[in-house]
Amino acid sequence: KAAPEYETAQQDLQRLREQYDKEMKRAENDFNAKYEDFLDNVNSLAPSIRRKRQTELQQFMEGNIRFREEARRLLRQAEKDAMAPIQQRVNNAVRLIAAEQGYDIILNTDSNAVPFISSVISEDINALVQTALAK
């Protein structure tokens, strides 16, 4: 999050999420309108027309579900793509700090994968990484 590009990437991803949300809401409203129209007229429709409309509604609903799933997949991929260069920049900064400081191992504790590390045998380099990213 200390990388300047992080905020820009998050804003771009938020705009993309909003676009997908807007489209999903529009599709949901379209479906609801068609469904309400069907319910209002169901008793007056001939059986073959009723089945046709039911099939159309089912296909429309399935299309909306597929779109929602595809949107989620595309958003995950967009996030991965947006964060890859930032992660690469962080990794490069960490490698440089490791070389400069003579470290053999640097652990990323963000995901709580390492809940405890003795301060006797370790050092927190967050400030060094943040300074490197600010350049």
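Contact detail for Leu133 and Ala3: the closest heavy-atom pair is CD1-N, 4.1 Å. Annotation for Val129 and Val94: closest pair CG2-CG2, 4.0 Å, computed over non-hydrogen atoms. Contact record, Gln54 with Phe38: CG-CZ, 3.4 Å, taken as the closest heavy-atom pair.
Residue-environment remark: OH (Tyr35) stays at or below the threshold of 12 foreign heavy atoms within 6.0 Å.
In the hydrophobic clustering of ILVMFWY residues, with side-chain heavy atoms under 4.5 Å counting as a link, Phe31 and Ile65 come out together. Taking hydrophobic clusters as Ile, Leu, Val, Met, Phe, Trp and Tyr residues chained together by side-chain heavy-atom distances below 4.5 Å, Met61 shares a cluster with Leu39. Hydrophobic clustering, with ILVMFWY side chains joined whenever heavy atoms are under 4.5 angstrom apart, keeps Ile86 apart from Leu13. Cluster membership for Leu75 and Met24, using ILVMFWY side-chain heavy atoms within less than 4.5 angstrom, is shared. With hydrophobic clusters built from ILVMFWY side chains whose heavy atoms lie under 4.5 angstrom apart, Val114 shares a cluster with Ile105.
Considering CZ of Arg66 and CD of Gln59, their distance stands at 8.5 Å, rounded to 0.5 Å. In this structure, the separation between CG on Asn91 and CG on Leu96 is 12.5 Å, given to the nearest 0.5 Å. Here CZ of Arg51 is found 15.5 Å from CD of Gln58. Values are rounded to the nearest 0.5 Å. How far CD of Glu79 is from CD of Gln10: 6.0 Å, rounded to the nearest 0.5 Å. Here the CG-CD distance, from Leu74 to Glu69, works out to 12.0 Å after rounding to the nearest 0.5 Å. Of the inter-residue distances, the one linking Glu100 atom CD with Leu128 atom CG reads 8.5 Å to the nearest 0.5 angstrom.
Every salt bridge (Lys or Arg N to Asp or Glu O under 4.0 Å) that Arg15 has, sequence neighbours left out, goes to Asp12.
Using a 4.5 Å heavy-atom threshold, the side chains of Arg53 and Leu45 count as touching. Annotation: side chain of Val42 is in contact with side chain of Arg50 (closest heavy-atom distance under 4.5 Å).
With no hydrogens or angles considered, a side-chain donor-acceptor pair links Gln77 and Asp81 at under 3.5 Å. Side-chain atoms of Asn32 and Glu36 form no donor-acceptor pair, as typed in the model, at a separation below 3.5 Å.
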Please report, to 0.1 Å, the donor-acceptor pairs under 3.5 Å made by any side chain of residues 115-123, with sequence neighbours excluded.
residue	atom	partner	partner atom	Å
Ser118	OG	Val120	N	3.1
Ser122	OG	Ser118	O	2.6
Glu123	OE1	Tyr103	OH	2.8
Glu123	OE2	Tyr103	OH	3.1

Arg89/Asn92 under side chain to side chain donor-acceptor pair (under 3.5 Å): CA gap, chis, key distance, verdict:
CA-CA 5 Å; Arg89 187 163 178 253; Asn92 291 343; over 6 Å; no
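A salt bridge is defined here as a Lys NZ or Arg NE, NH1 or NH2 lying under 4.0 Å from an Asp or Glu carboxylate O, and Arg26 with Glu23 meets this definition. Salt-bridge formation is detected for the pair Glu56/Lys52: a Lys NZ or Arg NE/NH1/NH2 atom is positioned less than 4.0 Å from an Asp or Glu carboxylate oxygen.
Aromatic ring pairs are classed by plane angle as parallel below 30°, tilted from 30° to 60° and perpendicular above 60°; the pair Tyr20 and Phe67 is tilted.
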